[in-house]
Amino acid sequence: MRCWDLRPFYQRLTVRESDGHMTPLTEKRPLAVVAFGGNALLPKGDPITIAAQRERAELAAHALAPLTTTHRLVITHGSGPQIGVLAQQAASATTFRDITLDVLDAEVEAMIGYILMQALGAVLAPPVVTVLTRVVVAPDDPAFAVPTKPIGPYVDAETAAHLRTSAGWTFLEHQGRHRRIVASPDPVEVVELSAIRVLVDAGFVPICAGGGGIPVVRSGGALSGVEAVVDKDAVTALIAIGLNADVMMLLTDVEGLMTEWGTDHAQVVRRTDAAAVRSLHLEAGSMGPKVRACADFTAATGRPSFIGRLADAVDVLAGRTGTMFSAEG
C-alpha cells in the first residue's frame, strides 16, 4: 500500500514570508476547477474497452499537467457512455439484479477515478486522489417525472423495446436509433465539499463528483440514494462556487460555444457575459448544461469560466481559444 509523505512536497512548494513564516506555495496559486466529459475517455466510435479509456486518460493527463505549474486543480468528469454500459450489463445479469442507478454511479465514479489517478499520477507533481462524492438533490425535483439525461450507447428498436418491458427504462429515439434517458435533478449540496477543500489545501489534486456524483436525498438525518444521474457540469459549478475557485473550465471535444451550430456559417463565440447567454436556447444533452454552468459560476463569483477542447487546455485558460464567460461585457 502506497502512502504519500507530503513533507518533501511541501519543502519544494513553500515560500518564506517577511516574518520568516513558511507558507505552502499551493496557497498562493489560484484554484482552477476543471471538468471534462465522459466522451473524452470514451469517444463515439472508440471500442468500449478499459484499454481505450486508459489511452484517452493519458492524453487528458498530458493536457492538464501544464496547468499545475500555475494553478491548484480540482478535477471532475462525466460518465455518460460508461454508466450506460454498466447499466446494460446489470440489466442482463443473473445476479445482483437489484443494483440501482445510484450504486452504478458510485461504481463508475470509482472506475474512472482509478483510471485517471493512474494516468495523472504519472505526469503530475502533486499527488492525486479520488473522492467518492455524494450530491444531494431534492426528492420533489420535477426532473424525476420527466427524464432527459441520455446515458449509454444507442441501441436498436428491438433492444429498446425489450429493456422498456424488462427493466422499465425510458428511451429517446433519434434517426431510428434509441438511447436511454434518465432523471437528472438539480444538485443542491455536495456532501464531501469540505473534504475536497481539505485535500486541496493539503496539496492534493482531488478527482471528484465523477459522472455528476452519487445522487442522494435527505430523509431525516440520513442520506438515501436515488435513481438518477446528476449533470456533471451543474455539479462542477456548485463545487467551484463552494470552493471559491478563481476559474472554472469545462473541457470537451468542441472548440467552444458556437453561433449557427451545425451549419457552414458556424463560428466560435470567443467572449460573452454570463447574463447574455441565459436567453439562448441550447441542446439539453450538449452545450446547454455547460453554458448554464458557466453562467452560474461567473454570476456567483464574478470570475471567468471557459468552454473549450480538452487538448487545448492551456490555450483555453489563456484565452487564446475556446469561449470565455465574464461577469460583464
In short, salt bridge (Lys or Arg N to Asp or Glu O under 4.0 Å) pairs touching residues 144-160 with sequence neighbours left out are Lys149-Asp231
Do the non-hydrogen side-chain atoms of Arg292 and Asp233 ever get within less than 4.5 Å of each other?
no
Measure the shortest side-chain to side-chain distance between Met249 and Leu317 over non-hydrogen atoms and say whether it is less than 4.5 angstrom.
yes
[X] to [Y] - nearest heavy-atom pair and separation:
X	Y	value
Thr76	Ala209	CG2-CB, 4.3 Å
Leu250	Ala293	CD1-CB, 4.0 Å
Ala138	Phe144	O-CE1, 3.3 Å
Val182	Arg180	CG1-NE, 3.5 Å
Thr130	Tyr114	OG1-N, 4.2 Å
Cys294	Ile307	SG-CG1, 3.7 Å

Taking a hydrophobic cluster as the set of Ile, Leu, Val, Met, Phe, Trp and Tyr residues connected by side-chain heavy atoms closer than 4.5 Å, whether directly or through intermediates, do [X] and [Y] fall within one such cluster?
X	Y	answer
Ile181	Val137	no
Val136	Leu238	no
Val230	Val217	yes
Ile214	Ile99	no

When you check the side-chain N and O atoms of Ser224 and Ser219, is any donor under 3.5 Å from an acceptor?
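No, no side-chain donor-acceptor contact under 3.5 Å.
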Do other residues, nucleotides or ligands put more than 12 heavy atoms under 6.0 Å from Glu173 CD?
yes
With sequence neighbours excluded, residues passing side-chain hydrogen bond (donor to acceptor under 3.5 Å, both in side chains) with Asp141:
none
For Leu163, which fellow cluster members are found when Ile, Leu, Val, Met, Phe, Trp and Tyr are connected by side-chain heavy-atom distances below 4.5 angstrom, either directly or through intermediates?
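The other cluster members (ILVMFWY side chains, heavy atoms under 4.5 Å, direct or chained) are Val155, Trp169, Phe171.
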